Amino acid sequence: MTVTTPNPTPLAEAPPSSGTRLVDRVFRMRELAILAVFLVMIAVTQAGNSEFLSEQGVKDLLLNATILVLVATGQSLVVITRNVDLSVGSTLGITAFAAGDYLHGGGNPVVAVVLAVLLGVGFGLLNGLLVSLGQVPALVVTLGTLYIIRGVDSIWVGSRQITAADLPGGFVDFGSGGISAVPWLALIALAVLAATAYYLKHYGSGRELYALGSNPEAARLAGIPVRKRILAAYTVCGALAGLAGAMYLARFGNVDSGTGNGYELTVVSAVVVGGVAFTGGSGSVYGAALGGLLLTSVNSVLPALGVSSVWVLAINGVLLLLAIAVDRIVALRVAAALKKRSARRRTAPTKENAGA
Amino acid sequence: MTHPPDPGPAPVLALRDVTKSFGAVRALRGVSLELFPGEVHALAGENGAGKSTLIKTLAGVHRPDAGQVLLDGEPVVFHGPGDARDAGIAVIYQEPTLFPDLSIAENIFMGRRPRRALGRIDHKATHAATAALMKRLGVDLDPDRPARGLSIADQQIVEIAKALSFDARVLIMDEPTAALTGSEVARLFGVVRTLREQGAAVLFISHRLEEIFEICQRVTTLRDGARIAGEPLAGMTEDDLVRRMVGRDLDELYPKQDVTPGEVALSVRRLTREGVFTDVSFEVRCGEIVGLAGLVGAGRTEVARAVFGIDRWDAGEVEVDGRRLANGAPSIAMAAGLALVPEDRRAQGLVMDMSIERNIGLTGLRTTVRAGLVDRGAERSRSLDWAVKLQVKYARIADAVSTLSGGNQQKVVLAKWLATGPKVLIVDEPTRGIDVGTKAEVHRLLSQLAADGVAVLMISSDLPEILGMADRVLVMHEGRLTAEIPRSDATEETVMAAATGRAAA
Ligand SMILES: Nc1ncnc2c1ncn2[C@@H]1O[C@H](COP(=O)(O)OP(=O)(O)OP(=O)(O)O)[C@@H](O)[C@H]1O
Ligand SMILES: [Mg+2]
């Protein structure tokens, strides 16, 4: 005997809920918050040192951020799926050297960039295969590939070094050139960033990355090709690390076997400061990019203010912890708000039932 | 209610002699089943009989060890849930499988969203389609809100919407009604009837037998992984069905003992949590079972959570044995002798990867810890004790809880809290997903506890359970207590009237 309500009144149209896309708004606010911190920091520095925002100053700021933004974009894709790629620093190092070595031998710059990207794709595929096939946590797998790639790099490179003098002039000029204060490299990074963000929001496979980071078991049941998606995320991450390697070469012109050592930790910090949740399923690449911008600009701000750069690491650490704390508090607040809202909403329709 | 299966059409989906084992556990032994277009087919069986395993085999989650899945009479191999979905099979799993970070609309259309040019997602169309589905189901959920924080019932509704969102030829539902109350179930059944008339085949699982008789035409019964019978429901009685499931006649389902209530054990006065419930006052005496009824979302679970200290309250007070409890402090509530068996067992009740033994033992750590170490022997014997009392079906007590069937997980949650020997026991949907045989057992236990002087507050969406077990029935409507009905006056009509707010006028 199931009790049937005798008068199932048709429900009123859902009121245009005031808080639609609460989550989106939180993300946007999160991004705006980083942007605000960044702008305040710049403003304060400019007030203390009017040379800071000269054309060259702005250009340096952007150039410094470019490579980190690029790698952080790729890393975000992986972190969103509840994985991580610790080998990006090693990949950047080896691809930079490979491109340099090729150019040193008289190669074409465009081919050199393609070469670096392809090499990155290869390492990305390797990581992706190991993570998606073996039931081993990504942290461990990519820690392994970090050492393997670095080891291969060291054996291959030995004590050799590429310097700007070994490279074609046009390539190096491109690395430091641009439209007034905006470097070419930054424009490339921006284009990659915007394309990735658009893909994540507007394409089914992009949303599926969020889905499988949010609940892997449910993703499998929903018929999402989990392995394929994870493989793709790692591949793109590797490709962007490769592209970043080529850019590194163009920007600094100086590469040896130690290039990119420890870079993965900076990248992961940028991603986390930017609000991409390490538990997967949430965050945006714009956030990660802003996180990267913020972290690298600390590097330029301190010297400009005459503060010793030994403080850089400590400040980065504080930013990281601050970001995690804020995320935690915001998550709790949002959860509470959602609970209350659904409780309130639930009571609304029955009122009409009662009145009928 | 008489729709004999049309002998004409061929089965859309069928299993032939399917066997499936998990290690030493043989979950399915040579089971066959045929689903015809235009029929609603029930799958009945005790907890752990193999119902969910059978469904997952049809859905492409499990590959059978032996035997075949037949689609339109042809053997098929589903390599994953995606294959089954592409074949037109929609599945509602027993445990909600939502993405907490994504919106409801995205949850529903994950994997097959409306597209625009260049393969981009049509967010507007997705939103509109979701709103339409919600309307069809008669619920008012914002398609854009994230799934995080939805109540179990709402999660269940999203799952149903997901299954209805594409024109499935076969709809498979594993206990879709477990968390729902009467009016929502009625809506769901309305939709199911429409689908059936349009020629879909439906496979339906529920431990509420009256639902099976209301909506289904045929029933297949499983016991210990083997098929016992497949037959039309017309002419069968509930007792017949129970006998097939359990293999014997059933004890009384509501063995309520008469007790004279003692002292007030739990006293709740003017409790308010803003926007959730308002001015809730009641008492529960030693030896009493007080039922708390109401529609889904009336605020019953929220009151229980606040009383236990999981959520904070904004005004009012709670006393256990005359001692006031602190606001928002579950450990103090536990120390005062309060126990809460929560509604959401996966999220709040169990550590899924831990063994059955350790899960039951968790709450008893105070009594089994000696010199700072857990006395594993004591923990094991206590756990075994309760596992036997509640007839938990497991291979080894050291197995992870995640390998148990849904109903058996629920039993472990119950055992865990009963093992604390509480003075006041709050149970939120104690028999959700539990089979009839064990339901009687759980009722007998609750009744025994009350007779031993425990004060029991029982939240339930199962009206017969409330009527059969409670000494007094409290009814909530829109966050307020609208009625208090003594056992002698409690009927389906009086309770439902108060629950829908019609009695208050
Ligand atoms: N992944 C697994 N690993 C090990 N054992 C499993 C697994 N899944 C199911 N089992 C076992 O298979 C048997 C059948 O389980 P199943 O979930 O099919 O039961 P059910 O009929 O759906 O029960 P309920 O009514 O409680 O949901 C149980 O003994 C269960 O412990
Ligand atoms: Mg089941």
Side-chain angles (χ1 to χ4, degrees), chain A residues 1-5 7-15 17 19-24 198 201-204 206-208 210-215 217-225 277 280-282 331 334-351 353-355, chain B residues 61 80-83 85-86 93 97-103 106 110-111 113 115 119-121 131 134-135 138-142 144-146 148-151 154 182-183 185-187 189 208 210-211 214 274-276 295-299 302 463-464 477-479 492 496 500-502 504-505:
Chain A
M1 301 155 287
T2 309
V3 190
T4 358
T5 329
N7 54 342
T9 340
L11 293 162
E13 278 290 318
S17 90
T20 31
R21 289 322 258 151
L22 181 66
V23 168
D24 270 4
Y198 191 83
K201 186 155 175 55
H202 294 284
Y203 281 83
R207 300 311 296 168
E208 286 175 9
Y210 283 93
L212 68 91
S214 192
N215 184 347
E217 177 59 19
R220 203 172 64 87
L221 292 178
I224 294 173
S282 78
V334 170
L338 286 174
K339 268 233 164 76
K340 279 209 168 169
R341 184 187 305 168
S342 59
R344 220 172 272 148
R345 180 214 28 100
R346 268 291 180 177
T347 59
T350 28
K351 212 167 263 161
N353 256 349
Chain B
V61 178
D83 284 358
R85 190 186 61 204
D86 294 343
Y93 296 99
T97 54
L98 299 181
F99 306 110
D101 298 296
L102 301 187
S103 71
E106 284 197 292
M110 181 53 64
R113 294 171 205 71
R115 300 273 177 87
R120 288 169 301 167
I121 301 169
M134 291 298 157
K135 211 162 173 195
V139 292
D140 173 25
L141 283 174
D142 178 359
D144 284 333
R145 72 156 276 169
R148 190 182 296 285
L150 285 177
S151 72
D154 284 342
S183 51
V185 173
R187 289 271 191 176
F189 284 2
R208 299 184 188 164
E210 69 272 12
E211 291 178 353
E214 184 186 338
E274 224 178 288
V276 182
L295 299 179
V296 166
E302 289 73 12
L463 203 46
H477 171 61
E478 293 180 12
E492 217 161 272
M496 276 317 288
T500 51
R502 271 173 288 140

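Side chains are part of it too, since the values below use all heavy atoms of this structure and drop only hydrogens, waters and symmetry mates. Labels below follow one simple rule: chain letters A, B, ... track the order of the sequence lines, proteins then strands, and each chain is numbered from 1. These numbers were taken from a predicted model, which means no experiment stands behind them.
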**Study point:** Short side-chain to backbone donor-acceptor contact, B:Arg85 and A:Ala222, under 3.5 Å
**Key:** yes
Review point. What part of A:Ala277 is in contact with chain B, defined as an atom under 4.5 angstrom from a non-hydrogen atom: side chain, backbone, both or neither?
Key: neither
Point to revise | Per-residue contact mode, A:Ile224 against chain B (heavy atom under 4.5 angstrom) | key: side chain
Do [X] and [Y] have side chains that get closer than 4.5 Å, going by heavy atoms?
X	Y	result
B:Leu98	A:Asn215	no
A:Tyr210	B:Asp101	no
A:Lys201	B:Ile121	no

Review point. Looking at A:Ala219, A:Gly213, A:Pro225, A:Gly206, which one has more heavy-atom pairs under 4.5 Å with chain B than the rest?
Key: A:Ala219
Check your understanding: Who among A:Ala218, A:Gly223, A:Gly280 has the most heavy-atom pairs with chain B under 4.5 Å?
Key -> A:Ala218
Review point. To the nearest 0.5 Å, what is the distance between OG (A:Ser214) and CE (B:Met110)?
Key: 8.5 Å
Practice item. Mind listing the closest non-hydrogen atom pair of A:Ala211 and B:Phe99 along with its distance? Key: O-CD2, 3.2 Å
